[in-house]
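Position 1 is the first residue of the sequence; numbering continues from there. Keep in mind that the numbers below use all heavy atoms, side chains included, and drop hydrogens, waters and symmetry copies.
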Amino acid sequence: MENLSLSTSNSTGYLYFIVHIDSGTYYVCKPGETAPLRPPSPQDLSVHDTVHVRDIPLFFERIRQAHRGEEFVPFSIRNRDEFYDPLYLENAERLDEHHVMIRTFHIKKTASFISVPMKTTGFMSQLFEYMDEAAVILEPDGSIRGFNRAFTKEFGWTSEDLGDSILSFIPHERTDEFEMVRARLLAGEHLVKYFTVRLNKSGERIPVTISAFPVYDGDGELSATCALFISQESSAATQSLIRLQERIIKDRDQLIVDIMENMDLGIAQYDFILNRFIYLCPAIRGLFEVELNEIYVDSLAFQKYIHADDRAKMADVFCNPDSTGEMEFRVVVPGKELKWLRTKSVPIRDNDGRVVRLIGFTEDVTRQKFSEQMNLKWAKLGMVGHLAAGIAHEVRNPLTAVKGFIQLIDETGSADAYKDIVVEQLDRIGEIVDELLMLSDPHQEDEMRLADLTNVLSDLIILLKAEARVHNCTIRFNIPEGPLLAVCKSDEIKHVIINLVNNSYEAMPGGGTVYLSAWDSGDGPIIEVRDEGIGIPEDRLPKLGEPYYSNKEKGISMGLMKSFKILERHRGSIEFESEVGKGTTARIQLPLDSETSIS
């Protein structure tokens, strides 16, 4: 702050306040005092302790406007103790980043120290034009010197209506009030405040609070009386509105609390600035089986019972601003059944786009997961039943050969000549039965593993060829000789391939050829099923995989919907290309890495 002297300025009789625009601390440089400017300290006075509580918001609003370089609007403020005189703040000047200097004077008789007599026009333009309160200036004899726009707005009277007399404004029985107020001001009172009624232009009686204070000329004589009007009706309406808003806010807050405290959805908010959870709804305790206080104290305490394989990903989602989205994970509590939870994270960003908080919505999806698993098992069993006809045909052929060679052995008495053939056919029957049992087994691996898709596809050759014969179709395989690796559940990928191939068979009721190919695209392994069937109209392609939607005359396409779900869990994708009358191509892509959801 610059080192300035106030002695010259103070010689005019003004008071100067040096005010901190944020804290409101200030000190006063009195008339005739010579002092360098200094920042106010905590030991100095504070606006919050000396200014009337209702005038504090207006005070900070006006000085901050002046500090920003906006035009300063003069105003008056009352002392917290109304025994002291009001102040009229005439000017505010920016000093530095945090301080302003305010020029002011007391509104009282002894305020006549101002060296230059104040002109009425200047007083009117500065005080009245910008006041929010209705106000009038009265001559010592009671005639009107002027009134502001707020007065006209509040009561409806104009200068043409009132002329130079206030008698139209004052009820007949109240005309002696002015003489009473004038006498008290002449006796030395600096503020006369009283309750009364006044008339609006329509003749209605309006209850008002009037605050009257003197205006002195350069010789210290009473020059005029300034009266401020506060309508009790508007004041009561304002207070009623404030109480109504407070009640609405309170009711709304209570309603939100009631909802949050009693819902099954777990809601948590994590603050990256504080590095801790700032809100946990009661449902979190039941979902994670951990006391809320433990999580408030230690942000990672919610991991206490999370499955070891899911813990790292879960912590990353909750505590890393760059890892938002949705994930499913398991909660394993000793003595209790395994629980599946799903959490969706929503980031809250500041003005610079940085994530400052994260809101997590967690729900129990155990029943849903159980239902999905059961649906998949039933789908497997249904698929086995669907394949039964083709498998029976495949088993019947080697059984017929075995039966014939056994008869030859009986007739010739020599087993050596036919032993190898019989064993070969029996092995073939064993392979077919093993593959059938594999598809129907509900207790296959639950974890995703590194698998060779070449072997997975090779295992399906016998079954898919058998099914092709039932539909009078042919299937051709183009499978790489080398390994084609992917992290997956082999049985689920088989389920998807069989479902796609069966759809191709059904799309060729008159017979045809299905092409099953696989290769490495560089971005991950690709499995493609292409047919020569009836095709799918372009407008129906986006609907494939939706529940209860099918391109068939019968059926609800649940198999295709399950295939979409399986590939979603594998972080894979499936695309369809089709042309009516020429056929359809389904293309599956699996990811290169192992960052897949564990189901």
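Side chain of His570 to main chain of Pro591: no donor-acceptor pair is present (N/O by atom type, distance under 3.5 Å, no hydrogens or angles). In this structure, the side chain of Thr474 does not engage the main chain of Thr513 through any donor-acceptor pair within 3.5 Å. Between the Asn502 side chain and the Asn499 main chain, no donor and acceptor come within less than 3.5 Å of each other. Here the side chain of His20 pairs no donor or acceptor atom with the backbone of Val100 at under 3.5 angstrom. Distance alone, capped at 3.5 Å, is enough to place a donor-acceptor pair between the Asp350 side chain and the Asp352 backbone.
Put simply, the side chain of Pro39 does not reach to within 4.5 Å of the side chain of His98, judged on heavy atoms. Side-chain contact between Val51 and Asn79 is absent, with no heavy-atom pair separated by less than 4.5 Å. By the 4.5 Å heavy-atom criterion applied to side chains, Arg357 and Tyr279 are not counted as neighbours. Taking the side chain as every heavy atom from C-beta outward, Leu287 and Val331 never approach each other to under 4.5 Å. A heavy-atom distance below 4.5 Å is not found between the side chains of Val333 and Lys339. The closest side-chain heavy-atom distance from Lys489 to Arg569 is not below 4.5 Å. Counting only heavy atoms from C-beta outward, the side chains of Asn275 and Ser299 never approach each other to under 4.5 Å. Side-chain atoms of Leu265 and Cys281, non-hydrogen and from C-beta on, never get closer than 4.5 Å to each other.
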Exercise for review: Might you work through the side-chain contact (heavy atoms from CB on, under 4.5 Å) test for Ile77 and Leu58, ending with a clear yes or no?
Suggested key: CA-CA 9 Å; Ile77 58 173; Leu58 177 64; 5.6 Å; no
Exercise for review: List the steps and the verdict of side-chain contact (heavy atoms from CB on, under 4.5 Å) for Thr366 and Glu337.
Suggested key: CA-CA 10 Å; Thr366 304; Glu337 295 184 356; over 6 Å; no
Point to revise | Pair Asp44-Ile18, side-chain contact (heavy atoms from CB on, under 4.5 Å): steps then yes or no | key: CA-CA 11 Å; Asp44 289 317; Ile18 309 302; over 6 Å; no
Review point. Can Phe576 and Thr584 be said to form a side-chain contact (heavy atoms from CB on, under 4.5 Å), step by step?
Key: CA-CA 7 Å; Phe576 289 90; Thr584 301; 4.2 Å; yes
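Classification of the Phe288-Phe329 ring pair by plane angle, with boundaries at 30° and 60°, yields parallel. A perpendicular orientation is assigned to the rings of Phe302 and Phe277, their planes being inclined by more than 60° (bins at 30° and 60°).
With sequence neighbours excluded, the residues forming a ring pair (Phe, Tyr, Trp, His ring centres under 6.0 Å) with Tyr26 are Phe17, listed by chain and number. Judged as a salt bridge (charged side-chain N to carboxylate O under 4.0 Å, His left out), and not counting sequence neighbours, the contacts of Lys582 are Glu579.
Annotation for Arg285: atom CZ does not count as buried by contact number, only 12 or fewer foreign heavy atoms lying within 6.0 Å. Counting non-hydrogen atoms of other residues, nucleotides and ligands closer than 6.0 Å to CD of Glu538 gives a total of 12 or fewer. For Asn351, the CG atom counts as loosely surrounded, since its 6.0 Å shell holds 12 or fewer non-hydrogen atoms of other residues, nucleotides or ligands. Heavy atoms of other residues, nucleotides or ligands lying less than 6.0 angstrom from CZ of Arg367 number 12 at most. Heavy-atom neighbours of Arg476 CZ from other residues, nucleotides or ligands within 6.0 Å: at or below the threshold of 12.
Between His48 and Phe60, the gap from one ring centroid to the other is short of 6.0 Å.
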With a 3.5 Å cut-off and sequence neighbours excluded, list the donor-acceptor pairs that the side chains of residues 523-530 form with protein atoms.
| unit_1 | atom_1 | unit_2 | atom_2 | d |
| --- | --- | --- | --- | --- |
| Glu528 | OE1 | Arg587 | NE | 3.0 |
| Glu528 | OE1 | Arg587 | NH2 | 3.0 |

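When Ile479, Asn455, Asp452, Val456 are each tested for a side-chain contact (heavy atoms from CB on, under 4.5 Å) with Leu484, only one passes: Asp452. Checked options Ile475, Leu457, Val514; the residue passing with Leu464 is Ile475 (criterion: side-chain contact (heavy atoms from CB on, under 4.5 Å)).
Of all heavy-atom pairs between Arg38 and Tyr27, the closest is N-OH, 2.8 Å. Of all non-hydrogen atoms in His471 and Tyr505, the two that sit nearest each other are CG-CB, 3.8 Å. Minimum interatomic distance between Leu341 and Val365 (heavy atoms only, all atoms of both residues): C-CG2, 4.0 Å. Val19 and Ile63 make their closest contact through CG1-CD1, 4.1 Å (heavy atoms, listed as atom of the first residue, atom of the second, distance). Smallest separation of non-hydrogen atoms from Lys304 and Val290: CB-CG2, 3.9 Å.
Judged purely by distance below 3.5 Å, without hydrogens or angles, the side chains of Asp310 and His307 never pair a donor atom with an acceptor atom.
A distance of 4.0 Å separates CG in Leu280 from OH in Tyr296, rounded to the nearest 0.5 Å.
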